[in-house]
Amino acid sequence: EPTRMDECQEWLEDLLKSSPEGLYPKEVVAAGKELELSQAMIYRAKRELSGHILNTVGHQAPKNRWKWSDELVPDQQETD
């Protein structure tokens, strides 16, 4: 049976795939709150999927968005 983290990862993947231009991290967190997903859980899920989630302009830049990539991009792995 899937864990809550598995569900969060699947939700995050689906959310980012449905937004090809990417989403601001605060938009992702706000959407997750509607499903009772904490910010900490969302960021852990992002780390688990980090090879597929691209930062559009650098993870600390104010205009950064999270964007899904179907291809694994190893240099995108980072800590938030």
Side-chain angles (χ1 to χ4, degrees):
E1 191 165 314
T3 65
R4 187 74 169 140
M5 179 55 71
D6 293 336
E7 292 171 356
C8 183
Q9 289 175 354
E10 184 176 327
W11 167 82
L12 182 56
E13 179 180 344
D14 291 344
L15 178 69
L16 294 177
K17 282 182 173 180
S18 70
S19 302
E21 71 285 349
L23 293 168
Y24 292 112
K26 65 182 177 183
E27 294 175 315
V28 175
V29 170
K33 284 186 180 181
E34 294 177 13
L35 301 173
E36 298 182 3
L37 298 171
S38 69
Q39 178 175 328
M41 179 173 282
I42 292 168
Y43 273 78
R44 280 195 305 271
K46 179 187 182 279
R47 278 193 297 277
E48 292 290 322
L49 299 169
S50 65
H52 290 283
I53 298 176
L54 308 176
N55 289 300
T56 58
V57 293
H59 76 280
Q60 292 185 338
K63 299 284 183 181
N64 182 51
R65 292 175 181 246
W66 293 353
K67 191 172 181 179
W68 183 262
S69 171
D70 285 328
E71 294 189 29
L72 188 63
V73 183
D75 63 343
Q76 282 290 312
Q77 296 185 11
E78 64 187 41
T79 57
D80 285 307

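- In the hydrophobic clustering of ILVMFWY residues, with side-chain heavy atoms under 4.5 Å counting as a link, Y43 and M5 come out together.
- To the nearest 0.5 Å, atoms NZ (K26) and CZ (R65) are separated by 10.0 Å.
- Here the closest heavy-atom approach between residue P25 and residue N64 is recorded as CD-O, 3.5 Å.
- Using a 4.5 Å heavy-atom threshold, the side chains of L49 and W66 count as separate.
- Under the 4.5 Å side-chain criterion, counting only non-hydrogen atoms from C-beta, W11 is in contact with V28.
- Residues E7 and M41 have side chains not in contact (no heavy-atom distance under 4.5 Å, counting atoms from C-beta outward).
- Contact annotation: the side chain of L12 never approaches that of L37 to less than 4.5 Å [non-hydrogen atoms, C-beta and beyond].
- In this structure the side chain of E21 never reaches within 4.5 angstrom of the side chain of T56, judged on heavy atoms.
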Worksheet entry | Worked verdict on N55 versus K46 for side chain to side chain contact (heavy atoms under 4.5 Å, CB included) | CA-CA 11 Å; N55 289 300; K46 179 187 182 279; 4.0 Å; yes
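- Put simply, CG on L23 and OG on S18 are 7.0 Å apart, with the number rounded to the nearest 0.5 Å.
- Between K17 and D70 the shortest side-chain heavy-atom distance falls below 4.5 Å.
- The structure places CD of Q9 at 9.0 Å from CD1 of I53, a figure rounded to the nearest 0.5 Å.
- Ring pair H52/W68 is parallel by interplanar angle, where below 30° counts as parallel and above 60° as perpendicular.
- L15 contributes atom CG, which lies 11.0 Å from atom CD of E13 (distance to the nearest 0.5 angstrom).
- Within 6.0 Å of atom CD in E10, 12 or fewer heavy atoms from other residues, nucleotides or ligands are found, so the atom counts as exposed in its surroundings.
- Side-chain contact check for K33 versus V29: some heavy-atom pair is nearer than 4.5 Å.
- Side-chain contact between E48 and R44 is absent, with no heavy-atom pair separated by less than 4.5 Å.
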